[in-house]
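Step one of this worksheet: look at the structure below.
Proteins get letters first, then strands, A, B, ... in listed order; numbering begins at 1 in each. The structure displayed is predicted, hence computed values, not measured ones.
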There are 2 protein chains.
Amino acid sequence: MADREGKGDERFRRMLSRLKERRFRLTPQRLAVVEILARDRTHPSASEIYERVRQRFPTLSLATVYKTLFLLKELGEVLELGFPDGSNHYDGYHPRPHPHLICLRCRKIFDPELKRLDDLEKQVQRRTGFRVLSHRLDFFGLCPECAKEKKG
Amino acid sequence: MADREGKGDERFRRMLSRLKERRFRLTPQRLAVVEILARDRTHPSASEIYERVRQRFPTLSLATVYKTLFLLKELGEVLELGFPDGSNHYDGYHPRPHPHLICLRCRKIFDPELKRLDDLEKQVQRRTGFRVLSHRLDFFGLCPECAKEKKG
DNA sequence: CTTCATGCAAAACATTTGCAGCTGG
DNA sequence: CCAGCTGCAAATGTTTTGCATGAAG
């Protein structure tokens with residue numbers, strides 16, 4: 001995915017420095033995975049990341065992708081988005097919790113512009129006594145394109 | 001789980017009549033699974049349901065549990081709650097989307113009393129052009145009990 | 001050099017599917 | 001009766017793990 005605003009660069013550099021400060025090794029495979037996570041805005045799955053990196057590193061294994069994802073999740077630099085079917089998709093461009101729109105037909109994932117929900121966690125914490133650490137808010141339905149085709 | 005208000009009964013009867021009207025057979029195994037879903041408020045997983053029903057029907061198979069869950073999901077009489085680890089939990093007592101509080105330590109699931117979020121889907125629909133059919137809103141953290149023990 | 005990472009294969013899970021035989025209505 | 005259900009076992013798909021080899025720092 002294109003990254004017109006250069007935020008992907010920023011994300012990439014940040015992720016690298018966080019790995020470095022924790023003394024994790026910057027191997028070529030790892031860098032390639034991190035770069036996709038930093039720049040890609042389509043919320044790829046592990047195997048989609050695998051296929052893309054494998055074009056450059058044909059010997060790459062899925063296990064390596066998962067191990068890198070695990071590291072970045074721990075560091076809070078990647079958001080894991082669980083699907084109803086049990087698979088996961090990843091977002092390293094916007095690593096903090098945010099709402100998603102998930103199309104049940106084409107399976108694309110969108111990041112809507114919605115009013116801030118930042119207070120949500122604090123509100124719930126206050127009201128329930130639960131110590132809230134993160135949340136997820138996902139909407140399932142049909143994107144405008146698929147809603148159209150459904151009728152036509 | 002106890003069901004002091006009799007809402008579980010109501011749910012049970014409703015689920016039965018919906019199955020009947022669609023001409024699905026009311027086998028003893030199926031009834032036992034439905035009854036747990038209607039009354040249980042702990043959000044059990046498929047295998048938890050399986051273990052409980054197996055006390056009465058030792059030959060029950062997990063496949064049968066899953067097939068019943070599939071039916072009830074289709075009918076909108078059971079809510080499937082996907083966990084980050086890929087497993088699912090089920091709620092036939094409150095089958096419409098509602099927020100959950102999920103404790104990362106004891107793994108219990110709570111139904112908080114929160115202000116209505118019913119308009120949420122409509123709001124998002126208006127703002128994004130997406131045809132919203134359902135949603136999920138989950139908070140992850142530590143329940144009051146586990147937050148206490150964490151310190152102690 | 002010495003850790004840590006890689007890549008392979010096997011294991012671990014949750015869930016689905018195929019099918020022979022059984023049974024609810 | 002007989003379409004639909006059950007239960008078993010095998011298949012599926014995703015993620016994790018164990019371990020020998022290899023490379024980053």
Side-chain angles (χ1 to χ4, degrees), chain A residues 15-37 43-75 78-90 107, chain B residues 15-37 43-75 78-90 107:
Chain A
M15 287 158 93
L16 290 191
S17 71
R18 300 236 30 220
L19 287 170
K20 230 187 264 180
E21 84 188 10
R22 297 289 199 92
R23 300 283 128 78
F24 293 118
R25 289 181 185 165
L26 305 182
T27 66
Q29 296 93 325
R30 192 168 275 175
L31 290 184
V33 171
V34 170
E35 184 158 12
I36 284 176
L37 286 166
H43 311 76
S45 66
S47 64
E48 282 162 358
I49 295 166
Y50 170 64
E51 290 303 339
R52 289 185 51 188
V53 177
R54 212 151 60 110
Q55 292 171 15
R56 281 209 272 153
F57 299 91
T59 66
L60 181 79
S61 73
L62 244 184
T64 296
V65 174
Y66 277 109
K67 282 163 186 166
T68 300
L69 287 171
F70 177 82
L71 283 184
L72 295 168
K73 275 189 284 174
E74 292 265 286
L75 295 174
V78 124
L79 184 70
E80 189 176 62
L81 173 56
F83 261 59
D85 72 356
S87 68
N88 290 307
H89 287 246
Y90 298 90
R107 311 211 68 205
Chain B
M15 286 159 94
L16 290 192
S17 68
R18 301 239 28 223
L19 287 170
K20 233 187 262 180
E21 83 190 8
R22 298 289 199 93
R23 302 280 128 79
F24 292 118
R25 289 186 184 161
L26 303 182
T27 66
Q29 295 93 328
R30 191 169 275 175
L31 289 184
V33 171
V34 170
E35 183 158 12
I36 283 176
L37 286 166
H43 310 78
S45 65
S47 65
E48 282 161 358
I49 296 166
Y50 170 64
E51 290 304 339
R52 288 186 50 189
V53 177
R54 211 150 62 109
Q55 292 170 15
R56 280 209 273 154
F57 298 91
T59 67
L60 181 78
S61 72
L62 245 184
T64 296
V65 175
Y66 278 110
K67 282 162 186 167
T68 301
L69 287 170
F70 177 81
L71 282 185
L72 294 168
K73 275 190 282 175
E74 293 264 286
L75 295 176
V78 123
L79 185 70
E80 187 177 63
L81 174 55
F83 261 60
D85 73 355
S87 68
N88 290 308
H89 288 245
Y90 298 89
R107 311 211 69 205

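- Protein atom NE2 of B/H89 is 13 Å distant from nucleotide atom C1' of C/dC13, rounded to whole Å.
- Residue-level contact check: A/R30 touches the backbone only, with heavy atoms under 4.0 Å from sugar-phosphate atoms and none from bases.
- A/F83 pairs by the ring pair (Phe, Tyr, Trp, His ring centres under 6.0 Å) definition with A/H89, not counting sequence neighbours.
- Within 4.0 Å of A/N88, counting heavy atoms only, lie sugar-phosphate atoms of the nucleic acid but no base atom.
- Within the structure, the side-chain hydrogen bond (donor to acceptor under 3.5 Å, both in side chains) test picks out the following pairs touching residues 22-35 of chain A (sequence neighbours left out): A/E35-A/R39.
- Remark: B/E48 engages no residue in a salt bridge (charged side-chain N to carboxylate O under 4.0 Å, His left out) (not counting sequence neighbours).
- With sequence neighbours excluded, the residues forming a salt bridge (charged side-chain N to carboxylate O under 4.0 Å, His left out) with B/E21 are B/R18, listed by chain and number.
- For DNA chain D, the contact window with chain B, defined by any atom under 4.0 Å from a protein heavy atom, covers D/dA3 to D/dC8 in 5' to 3' order.
- Counting to the nearest Å, the P atom of C/dC4 and the CG atom of A/L19 are 15 Å from each other.
- The shortest side-chain heavy-atom distance between A/L31 and A/L16 falls under the 4.5 Å cut-off.
- Residues B/D85 and B/R107 meet the side-chain proximity criterion, which asks for heavy atoms closer than 4.5 Å.
- At a threshold of 4.5 Å between non-hydrogen side-chain atoms, the residues B/T59 and B/R54 do not count as touching.
- A heavy atom lying under 4.0 Å from DNA chain D marks the following residues of residues 43-50 of chain A, by number: A/A46.
- Listed by first then second residue, pairs satisfying side-chain hydrogen bond (donor to acceptor under 3.5 Å, both in side chains) with a partner in residues 60-69 of chain A read A/S61-A/T64, not counting sequence neighbours.
- B/F57 is linked by a ring pair (Phe, Tyr, Trp, His ring centres under 6.0 Å) to nothing, counting only residues two or more places apart in sequence or in another chain.
- Scanning both residues, B/V65 and B/A46, for their nearest heavy atoms gives CG1-O, 3.8 Å.
- A heavy-atom distance below 4.5 Å is found between the side chains of A/L19 and A/L72.
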Handout entry: Reading 5' to 3' through nucleotides 17-25 of chain C, protein heavy-atom contacts under 4.0 Å coded B for base, S for sugar-phosphate only, - for none
Key = BB----BBS
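- Comparing the axis of the opening five pairs of the helix from C/dC1-D/dG25 to C/dG25-D/dC1 with that of the closing five pairs yields an angle of 40°, rounded to 10°.
- C/dT6 atom P lies 13 Å from atom CG of A/L62, rounded to whole Å.
- For A/E80, the side chain to side chain contact (heavy atoms under 4.5 Å, CB included) partners two or more places apart in sequence, or in a different chain, are A/K73, A/N88, A/Y90.
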